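In listed order, ligands and their atoms are each counted from 1. If you read the sequence from its start, that first residue is 1, and numbering goes on from there. Remember, it's a predicted structure, so these values are computed and weren't measured experimentally.
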Amino acid sequence: MEAEAGLKVVDGFGLEPDLRALLRPGQVVEDKQGRGHRLPRYFYEVPTPEAAADIRLTPHFGLNEFLLVDLKEARTRGASFRSTSRNIPCAVRVLAFYLERLREVIGAPVQLAVNGGYRSPAHKLALGTSPHMWATAADLFRVGSTVLRDQTSIETYNRVVEEISDDIWVMPYGHELGHADDHIHLDLGYLNVVPREIGEDAMEAPQAKPRFAFEERRSGDRRGWPKTPDFTQLTLDPRSKE
Ligand SMILES: [Zn+2]
């Protein structure tokens with residue numbers, strides 16, 4: 001018996017030239033610090049806006065929530081927006097997983113802002129390199145019944161988001177560039193996902209000189225952790241006979 005077909009994964013290198021020019025798969029773009037990041041190469045192809053509404057990534061997040069405004073614009077603006085909104089980087093599934101986890105921890109719905117999900121490199125709001133172009137960033141405007149537009153609510157929930165995982169970065173509260181004062185921005189960085197169903201070829205040429213960088217310290221600094229787990233310290237369930 002054949003497995004039921006899931007989402008279609010496309011290699012951006014195989015897209016039509018005009019669409020490829022908009023999505024720029026595999027191209028290296030620089031962030032504000034001058035660090036290069038390779039744009040996503042593998043995308044989920046969404047056949048229609050209606051289909052996007054039906055595709056669930058997790059129990060509470062549909063694919064359409066990450067594409068919402070692109071799809072609305074697609075109806076009024078014509079073909080080029082329609083075609084960019086049909087493809088979303090595969091990392092969106094990982095983002096949805098973390099948002100689902102956040103929803104679970106908070107115990108209330110977590111709502112994305114308008115334009116708060118994926119922004120293709122051609123999107124008017126994708127000015128400058130941001131993880132939104134990887135579909136690994138979300139802007140939240142509401143959590144439960146709390147609208148996130150003051151320092152207390154943003155900083156309170158920023159702490160909750162940070163506690164979920166060291167993989168997540170949240171934008172600090174503030175009015176300057178690189179800060180947020182009317183939403184929560186969270187992201188997983190420049191994460192490229194290659195679904196297990198697709199094969200890869202040799203895209204990378206050998207580097208002229210080795211590159212390295214040091215990570216910023218994470219909140220859960222692991223240096224003090226034991227090298228090998230000590231299972232003798234575990235409390236065993238007395239009902240277990242094994
Ligand atoms: Zn953002």
Relative to the Zn ion (ligand 1), how many protein N, O or S atoms have a separation of less than 2.8 Å? 3

Would Asp187 and His185 count as having a side-chain donor-acceptor pair, cut-off 3.5 Å? yes

Partners meeting ring-ring contact (aromatic ring centres under 6.0 Å, His included) with His183 (sequence neighbours left out): none

What are the two closest non-hydrogen atoms of Ser153 and Thr146, and how far apart are they? CB-CG2, 3.8 Å

Hey, are Arg103 and Glu100 close enough for a salt bridge, meaning a charged N less than 4.0 Å from a carboxylate O? no

Donor on one side chain, acceptor on other, Tyr173 and Asn158, under 3.5 Å: no

Aromatic rings His37 and Tyr190: how do their planes relate, parallel, tilted or perpendicular, breaks at 30° and 60°? parallel

